[in-house]
Amino acid sequence: MSEEHRLDRLTSLLKRRGVILPSFEIYGGVSGLIDYGPIGARIKRKVTDYWINHWIKQGDIVEIDSPTITPERVLIASGHVGEFNDLMTECKSCSSIYRADHLIGEIHDNPESLGEIEMNKILQDKSIICLNCGKNDWSPTKPMNLMFKTGIGAMKEQRLAYMRPETAQGMFMLFPSLYRHFRQKLPFGAIQIGKGYRNEISPRQGMIRLREFNMAELEYFIDPNNPPLEDLSTNLSLINMIPDPESKFDLNYNITFSNAFNIGLIKHPTVAFFLMKTWNFLVEIGIDKSKIRFREHVSTEMAHYAEECWDCEINGEYGWIECVGIANRTSHDLKSHENISGSKSLTAWRAFTEPRIERKTILSPKTSIIGPIFKEQSGLVIEAIKKLQIDDKFPKNIKLSNGNNVDITSEMTEIKDIETTVSGEWFTPHVIEPAFGIDRIVWHLIDHSYKEVKKEGVEYTIMKFNDNVCPIDAIILPLYEKDGMDKIAFEITRKANSLLGIRVEMDTSKSIGRRYARADEIGVPWTVTVDHTSVDDNTVTIRRRDDQKQIRTTIKQLLDNLMNKTIENMFHEYQS
RNA sequence: GCGCCUGUGGUGAAGGGGUUAUCACCUGAGGUUUCCAACCUCAUGUCCUGGGUUCAAAUCCCAGCGGGCGCACCA
């Protein structure tokens with residue numbers, strides 16, 4: 001079959017078999033919103049479950065879950081209210097749309113700080129011309145709101161809120177609780193899977209740019225002075241990496257993770273580790289290794305919060321698409337939340353290896369003298385004296401915080417040598433964040449698994465999902481729906497479904513060949529056929545999707561191996 | 001948001017003013033068949049939505065919604 005229109009055939013299949021479909025179709029549909037049907041939802045569930053386990057098994061990472069509705073102040077602190085409300089202007093002559101701050105970037109130092117009115121003035125006064133038609137005829141600017149706005153409270157006095165554009169803020173909000181949970185020891189991480197919302201101008205390319213999408217993010221909190229050093233030699237694959245073109249590095253590398261870190265291509269050890277973990281995850285669920293690459297952001301396209309940022313891109317029908325972003329967000333988020341909220345609990349304690357003894361010489365107020373002289377003003381006087389320097393000369397006239405002036409003589413102070421023991425310090429942890437676009441990953445998983453082959457000269461479709469992500473583990477097929485075969489098939493179906501995490505279905509309609517084909521089309525790795533022999537001796541045949549090979553085994557062995565995910569091994573044993 | 005193209009059963013298509021809208025596959029029911037989309041019988045849609053033109057609209061016109069591509073946008 002020609003490679004041409006492969007995307008069309010794949011899209012049709014996904015719709016026909018209930019994998020991925022447009023939402024609200026009977027009302028005409030809404031662009032940027034999709035449904036996962038019964039098969040698709042199952043694939044997505046398997047991918048997210050695998051993702052959760054992939055991180056949880058690290059041992060220092062926990063799952064959390066927070067609201068999608070987010071009060072405005074949280075998103076002001078995170079920078080999204082500023083970043084997601086760009087002023088847009090339209091060229092009245094040719095209808096091209098531009099970000100106003102980009103247009104005036106050359107003549108204004110800080111265009112993002114401008115309001116609508118100032119911006120409109122600058123667009124008129126200066127000769128800023130349209131890049132498309134060369135004219136200066138701008139419409140009044142309008143804020144483009146990439147976040148869905150909503151209000152908390154049913155009546156008039158609503159508190160402004162937005163649907164979250166990322167899940168990360170939920171993890172930052174829970175930092176104090178996470179810090180306690182992990183017994184106040186860094187590093188630790190929190191993951192969350194959930195919906196994110198962005199009111200895209202023009203969603204395109206199927207499920208690549210959605211208005212409501214599934215994200216999976218990990219925030220890993222570390223001590224910047226003591227970043228964890230993980231073993232990068234557990235994966236020695238050569239990885240395609242494209243560094244920032246403005247850096248000293250060449251354009252393109254095929255390099256191991258550990259070498260990339262050793263030569264400084266990846267700057268931060270934890271970023272390197274998460275790049276590796278990300279690659280492992282993608283390959284384990286079935287993304288084609290040869291279609292994965294890592295690309296470093298150039299400093300100009302870097303998100304407002306990040307210091308080092310790598311995209312993991314996957315190649316598919318839409319070209320190379322960013323599916324995972326791994327960013328060193330430093331202390332930006334926690335610091336910003338500390339500033340805006342006033343909370344003091346967004347820091348961690350770093351104990352010094354040896355307590356430090358600090359000796360200081362200070363000017364100390366002599367309260368026994370000050371008290372009787374200043375009476376009720378004494379407190380203010382003491383406060384003022386503490387601010388003086390050791391080398392100040394007395395007598396001295398100082399101003400108190402209540403506005404009164406008082407004279408301080410040298411008898412009222414003394415020079416003291418003091419010794420304090422400091423056993424550690426408070427600091428704001430840094431955050432390394434891998435952020436996964438689940439829908440994009442599911443799409444590429446399907447794209448890479450979709451195989452058009454020839455079977456006995458006829459076009460044939462197989463989804464080659466592996467055990468980690470296949471929507472249904474096995475389909476049970478009674479050869480005929482009679483002579484007890486249907487009963488045995490039903491028994492197996494029921495028993496298999498009671499196994500933890502195993503999902504099987506039974507299919508009885510139409511010829512056996514057609515039922516095999518239906519199973520192959522949605523990527524079921526094993527089909528189990530109940531035939532006349534089964535009725536006599538409780539054996540069944542298992543067919544392997546990828547090569548149509550069959551083996552015969554007992555029902556008990558089938559169930560045991562299904563549960564342990566070891567059916568593949570049965571084929572090896574059978575062959576040897 | 002702009003421009004060009006586009007919308008007919010579950011999927012893919014034909015029909016471009018005039019009887020009851022056509023075909024293939026798929027799906028369901030029944031039959032037949034001892035293992036890879038076999039065969040036979042039957043069943044399932046009405047032309048994206050709303051206006052307009054006309055005696056008559058799936059067909060022509062307008063608007064909206066959806067899809068594709070290009071431009072712009074894409075923390």
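Here is how names work: the chains are called A, B, and so on, in the same order as the sequence lines, proteins then strands, and each is numbered from 1.
A gap of 41 Å separates the C1' atoms of B/rC40 and B/rU49, to the nearest Å. Rounded to a whole angstrom, the distance from the C1' atom of B/rG66 to that of B/rC47 is 16 Å. Across the C1' atoms, B/rU27 and B/rG18 are found 34 Å apart, a figure rounded to whole Å. Comparing the P positions of B/rA14 and B/rU8 gives a spacing of 10 Å, expressed to the nearest Å. Nucleotides B/rU59 and B/rG16 have their C1' atoms positioned 5 Å apart, rounded to a whole Å. When the C1' atom is compared between B/rC26 and B/rU44, the two are found 12 Å apart, to the nearest whole Å. The separation of B/rU34 from B/rU19, taken at their P atoms, amounts to 48 Å, rounded to a whole angstrom. For the C1' atoms, the distance from B/rU53 to B/rC69 is 32 Å, rounded to whole Å.
Note on A/Thr527: nothing from the nucleic acid sits closer than 4.0 angstrom, heavy atoms only. Base engagement by A/Thr529 is indicated by at least one non-hydrogen atom pair under 4.0 Å involving a base atom. Using a 4.0 Å heavy-atom criterion, one finds that A/Arg17 contacts no nucleic acid atom at all. Among the protein residues, A/Gln550 comes within range of the nucleic acid bases, having at least one heavy atom under 4.0 Å from a base atom. Within the 4.0 angstrom heavy-atom criterion, no nucleotide atom of any strand lies near A/Arg515. At a threshold of 4.0 angstrom between heavy atoms, the contacts of A/Gly196 with the nucleic acid are absent.
The salt bridge (Lys or Arg N to Asp or Glu O under 4.0 Å) contacts involving residues 435-448 of chain A comprise A/Arg6-A/Asp447, where partners must be two or more places apart or lie in separate chains.
As a whole-Å value, the separation of A/Arg544 CZ from B/rC35 C1' is 17 Å. In this entry the distance linking CE of A/Met147 with P of B/rC73 reads 20 Å, nearest Å. We find that NZ of A/Lys510 is positioned 11 Å from P of B/rG30, with the value rounded to whole Å. Atoms CG (A/Asn199) and P (B/rG1) sit 10 Å apart, rounded to a whole Å. A straight line from NZ of A/Lys455 to C1' of B/rA38 spans 13 Å, rounded to a whole angstrom. When rounded to the nearest whole Å, the span between CG of A/Asp483 and P of B/rC35 equals 14 Å. As rounded to whole Å, 15 Å separates atom C1' of B/rA13 from atom CZ of A/Arg9. Remark: C1' of B/rG10 and CD of A/Glu521 are 12 Å apart, rounded to the nearest angstrom.
Ring to ring, A/Tyr162 and A/Tyr197 are not that close: their centroids are 6.0 angstrom or more apart.
Here A/Tyr220 pairs with A/Phe274 under the ring pair (Phe, Tyr, Trp, His ring centres under 6.0 Å) rule; sequence neighbours left out.
Within the structure, every side-chain polar atom (N or O) of A/Ser202 is placed at least 4.0 Å from both OP1 and OP2 of B/rG1. Taking only side-chain nitrogens and oxygens, A/Ser509 comes nearer than 4.0 Å to OP1 or OP2 of B/rG28. Put simply, A/Arg514 has a side-chain N or O that comes within less than 4.0 Å of OP1 or OP2 on B/rA38. Listed pair A/Arg545 / B/rC36 fails the phosphate criterion, with no side-chain N or O lying under 4.0 Å from OP1 or OP2.
In this structure the side chain of A/Val524 never reaches within 4.5 angstrom of the side chain of A/Asp473, judged on heavy atoms. Between A/His268 and A/Ile432 the shortest side-chain heavy-atom distance falls below 4.5 Å.
Taking every heavy atom of both residues into account, A/Ile462 and A/Asp546 meet most closely at CG2-OD1, 4.4 Å.
Side-chain polar atoms of A/Glu307 and A/Thr330 form no donor-acceptor pair below 3.5 angstrom. Inspection of the A/Thr68 and A/Arg164 side chains reveals no N or O donor paired with an N or O acceptor under 3.5 Å. With no hydrogens or angles considered, a side-chain donor-acceptor pair links A/Glu452 and A/Tyr450 at under 3.5 Å.
Residue-to-nucleotide contacts include no donor-acceptor pair under 3.5 Å from the side chain of A/Arg204 to the base of B/rG67. Judged by distance alone, with hydrogens and angles left aside, A/Tyr27 brings no side-chain donor or acceptor close enough to the base of B/rC65 to form a pair under 3.5 Å.
Against the 90° criterion about 0, the sugar-base torsion of B/rG67 places it in the anti range.
Which of B/rU27, B/rC36, B/rC26 sits closest to the side chain of A/Arg16 comes down to B/rC26.
Taking a pair as Watson-Crick or G-U wobble with both distances under 3.5 Å, the runs of three or more consecutive pairs in RNA chain B are B:1-7 with B:65-71, B:10-13 with B:22-25, B:27-31 with B:39-43, B:48-52 with B:60-64.
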